[in-house]
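Read the structure below first, then the notes.
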Amino acid sequence: MVKRKRVMMITIIIICITLVFSGGIYIVFNKVVKPFNTLTYKEIVKNKVRDKTLSYSYFSSSRKKENNKNLITQSFKSFSGVDEFVRFSGIQGSDIKLHYDSNIENGEFNIVLLNEDLEIISVLDGNRKDLYTIKNVVEGKYIVKITGKEAKGNVGIELISNSPVVLYDDNK
């Protein structure tokens, strides 16, 4: 009789844990958001990329910054939402080239360049190797965000300029 109660209790616990985690685990900062799996990808890009707060989830992720280059790389699995990739600034009037290389195995993915007022400068195709130039840099920080829906792959962005480029580690 005791053994039967124990088995019943373990079964109930397993069912409860399964129900709690079946919707996935979402990392949400500073506010409650609609779960990513109920948003269309265009809604994510249009409505969420300009938010100051970030909302995203990863099954796994690894981001690295090369010390002697302005190069940031990241690999990820099951990325959904909007995440800040890097903030940077340059000398006013100079040009900065964003050399980006992304290989997305599945899902949807884009790279979005914004100014510090969170106005979208450009949405870069997320599955290619290309170059985007910011001509006549203005004073202030630029922000690169990545957007995805169940994306798996890797991305690298190198910032190239004849003038110094400053990378910021903070999100301010």
Side-chain angles (χ1 to χ4, degrees), residues 1-67 69 71-88 98 100-114 116-120 122-130 141-158 167-172:
M1 189 64 123
V2 172
K3 190 173 185 177
R4 185 176 179 165
K5 285 183 179 180
R6 181 181 280 165
V7 170
M8 182 69 90
M9 186 64 93
I10 291 171
T11 304
I12 290 171
I13 291 171
I14 290 172
I15 290 171
C16 288
I17 290 171
T18 303
L19 290 174
V20 168
F21 290 104
S22 65
I25 300 172
Y26 297 101
I27 300 170
V28 180
F29 294 95
N30 298 330
K31 65 179 179 178
V32 176
V33 297
K34 188 175 173 184
F36 301 121
N37 59 359
T38 61
L39 290 174
T40 67
Y41 184 66
K42 287 184 179 181
E43 285 177 318
I44 291 171
V45 173
K46 182 179 178 186
N47 299 325
K48 300 292 180 188
V49 79
R50 295 189 67 217
D51 282 354
K52 288 186 179 185
T53 55
L54 301 172
S55 55
Y56 56 86
S57 69
Y58 292 99
F59 177 75
S60 68
S61 173
S62 173
R63 188 177 295 176
K64 291 187 266 183
K65 178 184 168 216
E66 297 288 329
N67 288 335
K69 289 185 179 182
L71 174 65
I72 302 99
T73 59
Q74 180 174 356
S75 61
F76 46 85
K77 290 181 184 173
S78 195
F79 165 57
S80 291
V82 178
D83 190 8
E84 186 172 294
F85 194 76
V86 67
R87 283 180 184 246
F88 65 94
L98 275 75
Y100 64 98
D101 185 1
S102 58
N103 180 20
I104 306 306
E105 296 174 28
N106 59 14
E108 298 179 72
F109 180 82
N110 277 318
I111 301 166
V112 183
L113 176 63
L114 302 105
E116 70 181 345
D117 295 325
L118 298 176
E119 296 168 340
I120 297 173
S122 183
V123 178
L124 309 172
D125 185 13
N127 196 17
R128 66 187 309 175
K129 184 176 185 175
D130 209 346
K141 294 180 183 176
Y142 290 87
I143 305 159
V144 175
K145 291 187 179 183
I146 55 174
T147 64
K149 185 165 185 182
E150 295 300 317
K152 177 183 178 184
N154 57 65
V155 61
I157 296 178
E158 183 175 14
L167 299 181
Y168 298 94
D169 291 329
D170 64 354
N171 290 334
K172 297 175 184 175

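Put simply, OH on Y58 and CD on Q74 are 4.0 Å apart, with the number rounded to the nearest 0.5 Å. In this structure, OG on S102 lies 11.0 Å from NZ on K129, to the nearest 0.5 angstrom. Taken to the nearest 0.5 Å, the CZ atom of F88 stands 7.5 Å off from the OH atom of Y142. With values rounded to the nearest 0.5 angstrom, E116 atom CD is found 7.5 Å from K141 atom NZ. Rounded to the nearest 0.5 angstrom, I146 CD1 and N110 CG are separated by 11.0 Å. For the atom pair E84 CD and Y56 OH, the distance stands at 9.5 Å (nearest 0.5 Å).
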Using the rule given for side-chain contact (heavy atoms from CB on, under 4.5 Å), can you reason through V155 versus T73, listing the C-alpha separation, both sets of side-chain angles and the distance that settles it, and then say yes or no? CA-CA 6 Å; V155 61; T73 59; over 6 Å; no
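With a 4.5 Å cut-off on side-chain heavy atoms, I157 and L71 do not count as touching. Inter-residue side-chain proximity for D83 and F76 is flagged as unmet; no heavy-atom pair is nearer than 4.5 Å. Residues V82 and V112 are not in side-chain contact: their nearest non-hydrogen atoms beyond the backbone lie 4.5 Å or more apart. The shortest distance between side-chain heavy atoms of I111 and V144 falls below 4.5 Å.
Every residue two or more places apart in sequence or in another chain that forms a salt bridge (Lys or Arg N to Asp or Glu O under 4.0 Å) with D130 is listed here: R128.
With ring centers used as reference points, Y100 lies 6.0 Å or more from F85.
Nearest heavy atoms, S78 versus E150: OG-OE1, 2.9 Å. When all heavy atoms of F109 and A151 are compared, the pair lying nearest together is CB-CB, 4.2 Å.
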